[in-house]
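Following: one structure in structure tokens, then a few remarks.
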Amino acid sequence: MCTDKLSLKNVDPSLFGASQWPISNVVFVFWRFFWLVWHFVWTYFSIQHELNLGHGWKWLIYMTNHSYFMLTMHSLFFFLVLLYQRIRQPVETKWYHSIVWLLTTLSFDTAILVSLLYWTLEYKGVLRVHSIMTHAINSVYVLLDVVLVALPVRPLHMIYTLTYYVFFLVFSITYQLLGGTNSLGEPYIYRALNWNKVGPSLLISSIVICAGVPLVHLFQFACYTCRDCVYRRSFGSGKIKAVDEPIEVKVEAQQSEKLNR
């Protein structure tokens, strides 16, 4: 069913508390905690940068910042769910799993999309640490994360990223029509989306909607497919387990395997 493939519920909840690979639980928890702190720190510096320019509220108008905030919330929710499932393992998908899965999809797609759009359309030849963190390291993180985590990727979930991008376009048009300016006082949010020049802006928007978002999301799906294929070839198709899983579980699995023989 199409609705099943769009759903954010039809997934094994144990996948939210494990890596795809047989690594230590401690290592995986540290990975999540490190990036949680990293993203909160750079979100703080990003907001502080706008405050230093005298118009902190304009931090909210940029797609870059929306994307990075989603990364931060993704790291927070994933870490909290991971800790919770160390205490109690749910037997079915809960609302917080759906939030994590949605944020996982959005954060990957928007991070890659923002990076591509920045370096091809907005970069002016001056490298700044802030730009590297929000337009390069963000993509490095999501690429590493999609390889490490156990969550699946659904092709039809691209609809969530498309919905976000359409909302951003509507916002950018409305903001400019109401006389809004960017941090430099220019009468648009991004130079590439200057709606005083409808033709070029409409062309770029159409390319992003019709090709950019679908291709980026299919790339995410390809990463997941390759990850799953390599895992199955290396470890078989059994249940994903950490290397420090309780001994009694492993013994029980070995006994079950002997009986099956």
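What you see is a predicted model, and the numbers here were worked out from it, not measured in a lab.
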When rounded to the nearest 0.5 angstrom, what distance separates OH in Tyr188 from NZ in Lys197? 7.5 Å
Can we call the ring centroids of Trp31 and Phe34 under 6.0 Å apart? no
State, with a plain yes or no, whether a side-chain heavy atom of His217 is found less than 4.5 Å away from one of Leu162. no
Taking it one step at a time, do Tyr44 and Thr72 satisfy side-chain contact (heavy atoms from CB on, under 4.5 Å)? CA-CA 11 Å; Tyr44 167 79; Thr72 306; over 6 Å; no
Residues Asp145 and Arg32 bridged, charged N to O under 4.0 Å: yes
Through direct or indirect side-chain contacts below 4.5 angstrom among Ile, Leu, Val, Met, Phe, Trp and Tyr, which residues connect to Phe167? none
Using the test side chain to side chain contact (heavy atoms under 4.5 Å, CB included), find all partners of Ile87 that sit at least two apart in sequence or belong to another chain. none
Locate the shortest heavy-atom distance separating His157 from Thr105; write the atom from each residue and the value. O-CG2, 3.8 Å
Pairwise distance OH(Tyr62) to CD1(Ile189) - rounded to 0.5 angstrom: 8.0 Å
Centre-to-centre under 6.0 Å for Trp35 and Tyr141, is that the case here? yes
Nearest 0.5 Å please: distance from the OG1 atom of Thr64 over to the NE2 atom of His66. 9.5 Å
Ion pair check, Glu92 and Lys94, cut-off under 4.0 Å: yes
Can you tell me if His39 and Ser75 form a side-chain donor-acceptor pair at under 3.5 Å? yes
